Peer 1: 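For reference, the structure I am asking about is given below.
FYI, side chains are in, hydrogens and waters are out, and symmetry mates aren't considered; it's all heavy atoms of this structure. Just so it is clear, the structure is predicted and the values come from calculations on it, not from any experiment. Throughout, protein chains are lettered first and strands after them, A, B, ... in sequence-line order, and every chain is numbered starting at 1.
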Amino acid sequence: MSESRTVTRSMLHAFLAALIRSKPGLAGAVILTIFVLAALLAPVLGLPDPVKGDLLARLKPPTISLSGFGAHPLGTDQLGRDILSRIIYGGRVTLMIAALSVLTGGVFGVVIGLISGFFGGWVDRVLMRVVDMQLSVPLTILALLIIASLGPALHNLVMVLALTSWVQYARVVRGQVLAVKSREYIQSARAIAAHPLRIIFHHVLPNVMTPAIVVLTLELARIILLEAGLSFLGLGIQPPDAAWGRMLAEGRTFMSTAWWLSVFPGVAIMLTVLSVNLLGDWLRDYFDPHLEG
Amino acid sequence: MSTLLDISDLTVRFETRRGFVHAVNGVSYTLEKGKTLGIVGESGSGKSVHFLAALGLLPPTVKREITGRVLFDGKDLLTLSDEELSDIRGRDIGVVFQDPMSALNPVLTVGRQLREVLMRHQPLSKAQAEARAIELLDLVGIPEPQRRVRQYPHQFSGGMRQRVMIAIAISCQPKLLIADEATTALDVTVQAQIVDLIRDLSAKMDMSVIWITHDLGVLAGIADQVQVMYGGRVMERGPVDAIFDNPRNAYTRGLLNSVPSLDENAEKRLYQIPGSPPDLSKPPVGDPFAPRNPDATERCFAEMPPLRAVEGSPGHVVAAWYELPPYAEGSR
Amino acid sequence: MSAGHDHLLSVSDLTKTYRTRGGLFSKASDFHAVKNVGFHVGRNETLGLVGESGSGKSTIGRMVMGLTAPTAGQVTFDGEDVTSLPASRVKDVRRKMQMVFQDPYSALSPRMRVGQFVAEPMVVHGIGDSEADRREQVVGLFRRVGLNPDFMERYPHEFSGGQRQRICIARALALGPKFIVADEPITALDVSIQAQIVNLFQDLQQEMQMSYLFIAHDLSMVRYLCQRVAVMLRGRLVEIGPTAAIFGDPQHPYTQSLLSAVPIANPRLERARKRIAYQYSPETLGNQLEEVSSGHFVLK
């Protein structure tokens, strides 16, 4: 027992050491950690209320400068709400939705891809027809329809976003499973009479994870953008709660007079997407045993 | 007798994440016009890498450092531009690789691929090139060439595909044909046919051949000279009879002894060379084979032996600090 | 060939037919990958199964292992018909028969440490009391196949082809089988390493009293390992007999052609050698195995 704990600890050490050696990976991890920490710690950071506005301080420009932060470092919006505070609270919502959707869609998609590729035959044909059907439906419209009929609650949003996402995993994973399945180590596992589930989880899954992780980083970025889009259309998180997409939408009307309303949430979205991609690239390399030093 | 190819001190190093890999270390040899040189070695011996480097065929993404001189027909290939090199490849030097399927374009007919090579290097009209393509397929022993010329690579068997590759390689009557493990992936009966084909073509066209293989047995029937490579170095070279009758290097002797015999009265236990090939990212200082050689002397571990002439055996050179006892087949 | 012997493995009338799907311009048709093949392997014996690509030799290996279902015929192993095995018996049979594959580069699970890979059969079959106990056994297996047990924690890509094949052999031995199907285990290896692996198979057979079905694409190595040899051509068994008879007195023209194609390491003999060409035609192949001398059968 204690031996396995030491092994786990040394594996974690190796992971962190490798992360620190990689500049892009580290940059991605640091940016993402800052966003996640800020989101988690938002209530104890002593920020102004993100929902209640100060109508006397509407559309104040950013006050951040070399001399200090000022009362509203990133300015205020049309209702006098602090932008920095809204971005941090909005990050809570946006990141949580994105993470939950990506995980739900990812797990579901990978499982479907594994089953479809490994068992083949009619199982495969049925599942792949479902995938084709889903691909032939415009996803944004589908999402709009579902949200419009079920209402914009958080769990509905996660479900819809996951629904738009699983197909990508399923297709990529299935293709990879087909390639892996013909390898002799799968035959070898069958030769020792290993249970199909053992073969799937011990021999197939580890060898299809790399492309799945790549899809995950792309999907996380896409989902953040889609969620922003839905919020932009008024079908995401409802006012007065903050979400990055909504902030972007609300700021649009003030683009010419108060650029900070939309630029800062836009930068937040961009940085998150970028850091996820950087981290994803590095993860893919790290999990490739051929590149291990 | 004139020299067609003169390689001297060819050295190839690859830069990888883990440092330099010393793939080829000071390889020198010459090849006469019309002769066949067999090069034998296992993976990592440098037998393929050295010619890929000389012909500019290493993948462009690999960071490499190539030094030395490769005189082909009087020109140093290492100083030529990519353009000049690709003119020489295909026209003066033909290459046949192990896997014909990956060397042929699956969506073009065999005839089209032959025509393209012909028309790139020679002033031929389309009709002339087509006629020549049919002639070539006939020459390499493909039945019904008029029909086959319009077919796609997947319609050919492995052996027939390799014949197509040979037809492409010899299409411009090259002075040199390089066969790199050209029969390794083929069935033995097909291998025997391809060996005979190349031997005949070489004689008919007065073409030099470099036959690269890991199987010493194949060279017995085809080579004039045999060169043994190991760890990126030349270990021994000489006329084919001398190498098989009187190997002076321990690695050559080990290779020869581990070739299986068909004689039903021979020993029932194969000779095996102990150990495994060297890691070329940490190249040994001395003789790379020394750790696997029971006859190695202290000097073998400290210093790489230069090639020296074998007494009483003209044209036979060996890299060895030691002297092996006289060779009797099947013993060591 | 006759029944009643206590053979470890006997195969009779084994047939595998693939139905090719009809396309737009072609009719569906049957392709016989293996047709009416019968042989047996005695205890502590090695039978060489030799054939070129498309001869059906690997399909036979997989059918014997139960990895591919035959279209017709029986495979009897240790007195039990393994082609119609109830699921509950599969595990027991697999403990007694194992397989070593051709390509050591694709036979190892790339993301599994090689020690785990060798231990996996024991985990699946519940052998060994604890992880530590299995680890101990893996150390023993590594030593037995000539590998340094310190390498247990490494990944496959850190090993050479020969070492990988040793790892695969160690895994096949983990269950203590009586019988191993070796499907071209040396084809992908360098010549100097081939000899090492052939000798390892020899040593293991003597130490552990095993039988092998040794599948090969030519006759060169077969002589060192096999007491008897079977020659396959396009799904048919054309000749089977004691190794000395096959090499000394080959009867079928295809066997003669195979023998004449193997290069011999003697330049003077090799230059003077005449190859025996064999033209395949289904009509001339014959239908009946005839015994030409004791235990030596030829398709006529």
Peer 1: Give me the atom names and distance for the closest heavy-atom approach of B/Arg292 to C/Ile193.
Peer 2: NH2-CD1, 4.3 Å
Peer 1: Within the supplied structure, the quantity of interest is the number of heavy atoms (other residues, nucleotides, ligands) at a distance under 6.0 Å from C/Gln209 CD; does it exceed 12?
Peer 2: yes
Peer 1: Does a side chain donor of either B/Thr189 or C/Glu52 reach within less than 3.5 Å of an acceptor in the other side chain?
Peer 2: yes
Peer 1: Just how far is it from atom OG of B/Ser276 to atom CD of C/Gln163, taken to the nearest 0.5 Å?
Peer 2: 5.0 Å
Peer 1: Counting only heavy atoms closer than 4.5 Å, note whether B/Ile273 contacts chain C via side chain, backbone, both or neither.
Peer 2: both
Peer 1: Is it the backbone or the side chain of B/Gln191 that comes under 4.5 Å from a heavy atom of chain C, or both, or neither?
Peer 2: side chain
Peer 1: Please state whether the side chain, the backbone, both or neither of C/Ile197 comes within less than 4.5 Å of a heavy atom of chain B.
Peer 2: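 Nothing of C/Ile197, per the 4.5 Å heavy-atom cut-off to chain B.
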Peer 1: So, taking the atom named CG in C/Leu269 and the one named CZ in B/Phe244, what distance separates them when rounded to the nearest 0.5 Å?
Peer 2: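 Interatomic distance, C/Leu269 CG to B/Phe244 CZ, rounded to 0.5 Å: 11.5 Å.
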Peer 1: Does C/Gln196 reach the main-chain N or O of B/Gly275 with its side chain, forming a donor-acceptor pair under 3.5 Å?
Peer 2: yes
Peer 1: When only pairs under 4.5 Å are counted, which of C/Ala188, C/Pro263, C/Pro267 shares the most heavy-atom pairs with chain B?
Peer 2: C/Pro267
Peer 1: Between B/Asp196 and C/Arg273, is the closest basic N to carboxylate O distance under 4.0 Å?
Peer 2: no
Peer 1: Would you check if the side chain of C/Tyr224 reaches a backbone N or O of B/Ser261 as a donor-acceptor pair within less than 3.5 Å?
Peer 2: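 Confirmed, C/Tyr224 side chain pairs with B/Ser261 backbone.
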Peer 1: Looking at side-chain heavy atoms only, is the closest gap between C/Met221 and B/Leu270 below 4.5 Å?
Peer 2: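 Side-chain contact under 4.5 Å: yes.
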Peer 1: Which pair of heavy atoms, one from B/Leu262 and one from C/Val262, lies closest together, and at what distance?
Peer 2: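 Closest heavy-atom pair between B/Leu262 and C/Val262: CD1-CB, 3.7 Å.
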Peer 1: Check for a donor-acceptor pair, side chain of C/Arg275 on one end and backbone N or O of B/Gln193 on the other, with a separation under 3.5 Å.
Peer 2: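 Pair absent, no side-chain N/O of C/Arg275 close to backbone of B/Gln193.
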Peer 1: For chain C, which of B/Ile243, B/Leu216, B/Asp245 has the most heavy-atom pairs under 4.5 Å?
Peer 2: B/Asp245
Peer 1: Taking atom CZ of B/Arg147 as the centre, report whether more than 12 heavy atoms of other residues, nucleotides or ligands fall under 6.0 Å from it.
Peer 2: yes
Peer 1: Below 4.5 Å, heavy atoms only, C-beta onward: do B/Arg269 and C/Val198 meet side chain to side chain?
Peer 2: no
Peer 1: Counting heavy-atom pairs under 4.5 Å to chain C, which of B/Val240, B/Val259, B/Val218, B/Asp241 comes out on top?
Peer 2: B/Asp241
Peer 1: So which residue, B/Ser43, B/Ala185, B/Gly158, ends up with the most heavy-atom pairs under 4.5 Å with chain C?
Peer 2: B/Ser43
Peer 1: So which atom in B/Ala192 and which in C/Ala261 form the shortest heavy-atom distance, rounded to 0.1 Å?
Peer 2: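 The pair with the smallest heavy-atom distance is CB-CB, 4.0 Å.
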Peer 1: If I take atom CD from residue C/Gln194 and atom CD from residue B/Gln272, how far apart are they, to the nearest 0.5 angstrom?
Peer 2: 12.5 Å
